[in-house]
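Below is one structure, written out as structure tokens; comments come after it.
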Amino acid sequence: MKDKIVFITGATSGIGEGCARKFAAMGSKLILNGRNTEKLNQLRDELTAKGTEVLLLPFDVRDREAMRQALTTLEGQWKDIDVLVNNAGLVIGVDKEFEGSLDEWDIVIDTNIKGLLAMTRMIVPGMVERGRGHIINIGSIAGDAAYPGGSVYCATKAAVKALSDGLRIDLVDTPLRVTNIKPGMVETNFTVVRYRGDKQRADDFYKGIHPLNGDDIAEVVYYAASAPAHVQIAEVLVMPTNQATGTISYRQK
Ligand code: NDP
Ligand code: 8X3
């Protein structure tokens, strides 16, 4: 992946940050997105100090106009994106479908589905023109089956699966590849956001189990991206060893 241009949304934390470090270590050039500009600056400084070329493109993936504007600033080599990692995403709350906040669910749906779709719509045409490119969507085990208190989030990740499968169909006569990575429990800031900032509750969620971390998922993303051109990793479900499904895991007492 040396000198490949890799665009990662949600690179300020967790899986996206892990992907940034992994692709940087393998010689790629990075376009990093997120809303937290302080964290983006820190990550750029860290990676450029090690010799990686980094371009920051901070915007909220829900803001289509800001996205469009940011993408028009890409010049030279940065326009030729080889890999798009559609990673930005979140869940807020664990409420029942008949009790939760429609406003919070708008944020989740607009980020996880519409943000990912807009990035795809704006970046894939260039890949088709150049005859090369790989779209790696971060879905979830949550997209395979609904679980208690997760219906809207699960629906967004089921949508990521459908969007990934549909895009793969639409690109079948091209050299482009589409991958949907579906992690299980990954210990990141995700669960803190899920519990609306309650760090203790987030820590308790991982008690008794050895969860994955952002770097574990980055390894899988990189594996898919660096596979030979004729190999399309369509979908990967990756869980901690003591997790079996979205709802069944074994926790040591
Ligand atoms: P984190 O909370 O650690 O990271 C989420 C990233 O998404 C941050 O960089 C955040 O950046 C970014 N983000 C959120 N909203 C927006 C937005 N509107 N615009 C731009 N960036 C945004 O969580 P994870 O790393 O765990 O999550 C990454 C992806 O992995 C998500 O799609 C999540 O659904 C998925 N996933 C996570 C699992 C887990 O157990 N952790 C399991 C399965 C899937 P900033 O705040 O700077 O905008
Ligand atoms: C997050 C995975 O199972 O914690 O996508 O909801 S889970």
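Hydrogens, waters and symmetry mates are skipped; everything else that's a heavy atom, side chains included, is used. Ligands are counted one by one from 1 in listed order, and the atoms in each one are counted from 1 as well. Please read all numbers here as calculations on a predicted model, not as lab measurements.
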Distance only, no hydrogens: is a donor on one side chain within 3.5 Å (strictly under) of an acceptor on the other, for T179 and H134?
yes

If you measure from each non-hydrogen atom of V186 to ligand 2, which part falls under 4.0 Å: side chain, backbone, both or neither?
neither

Ring centroid separation Y195 to F190 under 6.0 Å
no

Judged by non-hydrogen atoms, does G139 sit under 4.0 Å from ligand 1?
yes

Are T156 and N112 close enough that a side-chain donor and a side-chain acceptor fall under 3.5 Å?
yes

For G10, the ligand 1 atoms with a heavy-atom partner under 4.0 Å come out as 6 (C), 7 (O), 8 (C), 9 (O), 12 (C)

Counting from 1 in the order shown, the ligand 1 atoms closer than 4.0 Å to a non-hydrogen atom of D60 are 17 (C), 18 (N), 19 (N)

Contacting atoms of ligand 1, where contact means under 4.0 angstrom from a heavy atom of R62
18 (N)

Need the ligand 2 atom indices (1-based, order shown) with element for anything under 4.0 Å from a heavy-atom of R194.
4 (O), 6 (O)

Ligand 1-proximal atoms of T111, by part, heavy-atom distance under 4.0 Å:
side chain

Classify the side-chain pair T191/Y206 by whether it contains a donor and acceptor separated by less than 3.5 Å.
yes

Number the atoms of ligand 1 from 1 as they appear, then name those within less than 4.0 Å of a heavy atom of A11, with their elements.
9 (O)

Ligand 2 versus M239: contacting region, heavy-atom distance under 4.0 Å
neither

Using only heavy-atom distances, determine whether the side chains of N180 and N137 contain a donor-acceptor pair under 3.5 Å.
no

In ligand 1, which numbered atoms sit nearer than 4.0 Å to a non-hydrogen atom of F59?
19 (N), 20 (C)

Record the part of N33 in heavy-atom contact with ligand 1 below 4.0 Å; permitted values are side chain, backbone, both and neither.
side chain

Which of the numbered atoms in ligand 1 are under 4.0 angstrom from any heavy atom belonging to I138?
29 (C), 30 (O), 35 (C)

Should you measure from each heavy atom of T12, which atoms of ligand 1 turn up under 4.0 Å away?
8 (C), 9 (O), 10 (C), 11 (O), 45 (P), 47 (O)

Hey, which atoms in ligand 2 end up nearer than 4.0 Å to a heavy atom of S140?
1 (C), 2 (C), 5 (O)

Please check whether V186 reaches ligand 1 - meaning an N/O of the residue sits under 3.5 Å from an N/O of the ligand, judged on distance alone.
yes

In ligand 2, which numbered atoms sit nearer than 4.0 Å to a non-hydrogen atom of I141?
3 (O)

